[in-house]
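Have a look at the structure below, then the notes.
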Amino acid sequence: MQSDPRLIAALDFPTVEAAKKAVEEIGDAVAYYKVGMELYYAAGNDMIRFLKEHDKKVFLDLKLQDIPNTVASALKVEARLGVDMINVHAVGGKKMMEAAAKAVKETAEELGVERPKLIAVTILTSMDEEQFADLNYKNTIPEQVVALAKLAKAAGLDGVVASPKEAAAIREACGPDFLIVTPGVRPAGSALDDQSRVTTPAQAFANGSTHIVVGRPIMKAENRKQAAEAIVEEIKTIC
Ligand code: C5P
């Protein structure tokens with residue numbers, strides 16, 4: 001079965017061997033993979049090369065946040081890896097995001113390659129109301145997510161990572177071309193794990209998500225390929 005590039009499967013594995021095995025098992029059912037901190041710190045560019053050799057798109061999810069100069073310098077390195085999407089934390093602020101966008105654009109121009117999409121993490125999908133209250137923000141979670149999404153857009157970013165529950169409000173605030181990448185997606189009947197603000201894949205797209213990120217419901221399934229195919233089928237029925 002052909003995959004759907006709006007499905008990004010999270011390769012949350014501690015070793016390159018485990019991640020490569022998953023990619024081989026899943027085959028054509030997934031065309032886009034997310035490499036996060038665990039796998040990147042363990043396997044580094046070996047994993048990126050492997051995915052590219054297998055014609056997969058790559059979202060390198062390292063969620064950078066530091067002073068603008070440090071983030072810009074790190075993103076110049078990331079932009080040289082040939083990945084398709086990279087990200088920073090929106091709470092790093094507008095100047096940090098502007099420096100990030102400039103660094104990615106300049107690096108892609110210098111190399112003559114397509115610019116990786118740069119998106120910002122808003123509020124982690126594992127964050128519930130009680131934990132959020134501890135942070136003492138004046139906004140509610142949905143208000144804060146929309147405020148951070150608008151800030152990311154104003155800084156020149158391509159989109160955000162956010163819960164599918166907030167996708168509709170972000171779409172409304174940030175317009176039709178803004179990317180909304182949503183983890184916290186669970187096919188009906190699957191375990192929530194540590195996610196709080198979740199929807200089904202179909203509901204995420206109905207809410208305005210452009211991509212969904214799915215980890216454990218695929219990677220911990222007895223048959224990973226079938227689990228991915230079931231999500232692709234579900235997506236096809238609604239759009
Ligand atoms: O296993 P699960 O489907 O919950 O995996 C979701 C993936 O998305 C994980 O790799 C997690 O780090 C990531 N993520 C998230 N919430 C965010 C940003 C990224 O769950 N706001």
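Remember, it's 1-based here, ligands and their atoms both numbered in the order they're listed.
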message = Regarding ligand 1, does Asp61 bring an N or O atom to under 3.5 Å of one of the ligand's N or O atoms?
response = no

ask   = Under 3.5 Å, is there a donor-acceptor pair linking the side chains of Asp4 and Tyr32?
value = no

ask   = Taking only heavy atoms of Arg186, which atoms of ligand 1 are found under 4.0 Å from at least one of them?
value = 1 (O), 2 (P), 3 (O), 4 (O)

query = Rounded to the nearest 0.5 Å, what separation is found between the CD1 atom of Ile67 and the NZ atom of Lys95?
reply = 13.0 Å

key: Protein heavy-atom partner closest to atom 6 (C) of ligand 1 - residue, atom, separation in Å   = Gln195 NE2, 3.7 Å

request  = Using a strict cut-off of 4.0 Å, indicate which atoms of ligand 1 neighbour a heavy atom of Val214.
outcome  = 3 (O)

message = Within the 4.0 Å heavy-atom shell around Gly215, which atoms of ligand 1 are there?
response = 1 (O), 2 (P), 3 (O), 5 (O)

query = Between Asn87 and Lys63, is there a donor-acceptor pair closer than 3.5 Å when you use the side chain of the first and the backbone of the second?
reply = yes

request  = Determine, using heavy atoms of Asp193 and all atoms of ligand 1, whether some pair is separated by less than 4.0 Å.
outcome  = no

Hydrophobic cluster membership, Val58 vs Tyr41, 4.5 Å side-chain cutoff = yes

message = Using a 4.0 Å cut-off to any heavy atom of Pro183, which atoms of ligand 1 qualify?
response = 8 (O), 14 (N), 15 (C), 16 (N), 17 (C), 18 (C), 19 (C), 20 (O)

message = Looking at Ala79, is its backbone amide N or carbonyl O close enough to the side chain of Thr107 to form a donor-acceptor pair, meaning the two atoms are under 3.5 Å apart?
response = no

task = Mind checking the CG-CG spacing from Leu75 to Leu62? Nearest 0.5 Å is all I need.
result = 9.0 Å

inquiry  = Just verifying a value: how many Å separate Met127 CE and Leu135 CG, rounded to the nearest 0.5 Å?
reply    = 5.0 Å

ask   = Is Val161 touching ligand 1 with its side chain, its backbone, both, or neither, if touching means heavy atoms under 4.0 Å apart?
value = side chain

message = Within the 4.0 Å heavy-atom shell around Pro217, which atoms of ligand 1 are there?
response = 3 (O)

remark   = Atoms of ligand 1 under 4.0 Å from any heavy atom of Arg216, numbered from 1 in the order shown, are 1 (O), 2 (P), 3 (O), 4 (O)

key: Atoms of ligand 1 close to Asp12 [distance to a heavy atom under 4.0 angstrom, numbered from 1]   = 9 (C), 10 (O)

Taking atom 19 (C) of ligand 1 as the reference point, the nearest protein heavy atom with its distance = Lys63 NZ, 3.3 Å

inquiry  = Would you say that Leu7 contacts Val214 through its side chain, given a criterion of any heavy-atom pair below 4.5 Å between the two side chains?
reply    = yes

inquiry  = Return the closest protein heavy atom for atom 11 (C) of ligand 1 as residue, atom name and distance.
reply    = Lys34 NZ, 4.1 Å

message = Using salt bridge (charged side-chain N to carboxylate O under 4.0 Å, His left out), reason through Asp158 and Lys153 one step at a time and then give a plain yes or no.
response = CA-CA 7 Å; Asp158 299 297; Lys153 187 172 181 197; over 6 Å; no

ask   = Of all the atoms in ligand 1, which lie at a distance below 4.0 Å from a heavy atom belonging to Thr125?
value = 15 (C), 16 (N), 17 (C), 20 (O), 21 (N)

